[in-house]
2 protein chains.
Amino acid sequence: MKDVHSQCPCMERCPLNRAMELIGGKWKIQIICSLNSNGKTRYNAIKGNLDGVSNNILAKALKELERDGFVTRTEYMEVPIRVEYDLTIKSKRLMPILEALSDWGEENI
Amino acid sequence: MKDVHSQCPCMERCPLNRAMELIGGKWKIQIICSLNSNGKTRYNAIKGNLDGVSNNILAKALKELERDGFVTRTEYMEVPIRVEYDLTIKSKRLMPILEALSDWGEENI
DNA sequence: CGGCATCCTGATGGATACTG
DNA sequence: CAGTATCCATCAGGATGCCG
């Protein structure tokens with residue numbers, strides 16, 4: 001029997017669209033890639049790795065990524081305060097897919 | 001030798017970010033999924049499959065997808081005119097990755 | 001039928017300054 | 001150090017109507 005989709009399977013809240021929304025922000029992929037390359041990283045270090053991002057935007061993106069379960073935020077009660085971000089398992093499971101997408105991009109763009 | 005990326009590998013024009021830009025538009029994934037499910041499809045049929053899209057936006061998205069090599073546009077000189085869109089090989093090679101991302105989304109969102 | 005022209009609006013992104 | 005607060009710019013996305 002043939003595919004019965006006359007409607008796009010991506011209507012409603014399909015997981016693909018949802019995923020795209022979650023990682024689709026301007027800096028989110030960069031943040032995830034940076035954490036993946038460098039491991040646990042402090043706020044200002046992330047900022048240094050992302051050329052041109054402002055505090056406003058970076059903080060907002062990190063907060064969303066944390067809310068959506070992509071990164072963890074750990075606060076160390078030192079003076080001055082130290083905050084480190086890291087990828088969650090969930091993000092790590094995403095990496096091979098992002099790498100596949102990257103490879104696709106290299107060959108097709 | 002360990003990874004030397006202190007800078008995020010996604011700076012500059014990395015293929016991953018570029019890919020995300022190309023397929024990141026609000027309707028583009030839906031369009032691609034629809035064409036993948038249904039094959040060669042007419043303009044108005046695509047519009048019917050995408051709930052709530054306006055002509056303006058759909059035409060713009062299709063034009064961009066065509067420009068970026070994701071879809072082909074074939075005009076049949078009939079009256080009234082018939083136009084059909086279809087996926088390119090490039091898009092078809094993208095599908096397994098999108099499906100992987102979709103699977104990831106299903107398990108992780 | 002398959003669009004394009006026009007105008008509009010909200011969300012996203014950003015610069016700058018300031019604070020616990 | 002790691003953010004907020006504020007204000008501003010841009011633009012993707014959308015409603016509507018018209019055209020070849």
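Per chain, numbering begins at 1; letters A, B, ... match sequence-line order.
When every heavy atom of L65(B) is checked against every heavy atom of L22(B), the shortest pair comes out as CD2-O, 4.5 Å.
Taking atom CD1 on I57(A) and atom C1' on dT10(D), their separation rounds to 12 Å, with Å as the unit. In this entry the distance linking CD1 of I29(B) with P of dG13(D) reads 12 Å, nearest Å. In this structure, the CG atom of L58(B) is 13 Å from the C1' atom of dC1(C), given to the nearest Å. Rounded to whole Å, the distance from CE on M77(B) to C1' on dG3(C) is 13 Å. We find that CD of E66(B) is positioned 15 Å from P of dG2(C), with the value rounded to whole Å. Residue Y85(B) contributes atom OH, which lies 8 Å from atom C1' of dG3(C) at whole-angstrom precision. Whole-Å rounding puts the Q30(B) CD to dG13(D) C1' distance at 13 Å. Atom OH of Y43(A) is separated from atom C1' of dT19(C) by 14 Å (rounded to the nearest Å).
When each of dG13(D), dG3(C), dG2(C) is scored by its nearest atom to the side-chain atoms of R42(B), the top-ranked nucleotide is dG2(C). With dC4(C), dC1(D), dG3(D) as the choices, the nucleotide that has an atom nearest any side-chain atom of N55(A) turns out to be dG3(D). Listed nucleotides: dC1(D), dA2(D), dG13(C). Nearest to the side chain of K26(A): dG13(C). Nearest to the side-chain atoms of R73(A) among the listed nucleotides dA2(D), dC4(C), dG2(C) stands dA2(D). Closest contact between the side chain of S54(A) and the listed nucleotides dG20(C), dG3(C), dG14(C) involves dG14(C).
Ion pairing between a basic and an acidic side chain is recognised when a charged N comes within 4.0 Å of a carboxylate O; E66(A) and K63(A) show no such pairing.
Checked by atom type and distance alone, the side chain of W104(A) never pairs as donor or acceptor with a backbone atom of I109(A) at under 3.5 Å. A donor-acceptor contact shorter than 3.5 Å is absent between the side chain of T41(B) and the backbone of I46(B). With hydrogens and angles disregarded, no donor-acceptor distance shorter than 3.5 Å links the side chain of K40(B) to the backbone of E84(B).
For the pair I81(A) and G24(A), both in contact range of DNA chain C, the more 5′-proximal nearest nucleotide belongs to G24(A). Ranked by how close their nearest DNA chain D nucleotide is to the 5' end, V83(A) and N56(A) are led by V83(A).
Among the atoms of the strands shown, only primed sugar atoms or phosphate atoms (P, OP1, OP2) are found under 4.0 Å from some heavy atom of K63(A). Within 4.0 Å (heavy atoms only), Y76(A) reaches no atom of the nucleic acid at all.
In terms of phosphate contacts, W27(B) brings a side-chain nitrogen or oxygen within less than 4.0 Å of OP1 or OP2 of dG14(D).
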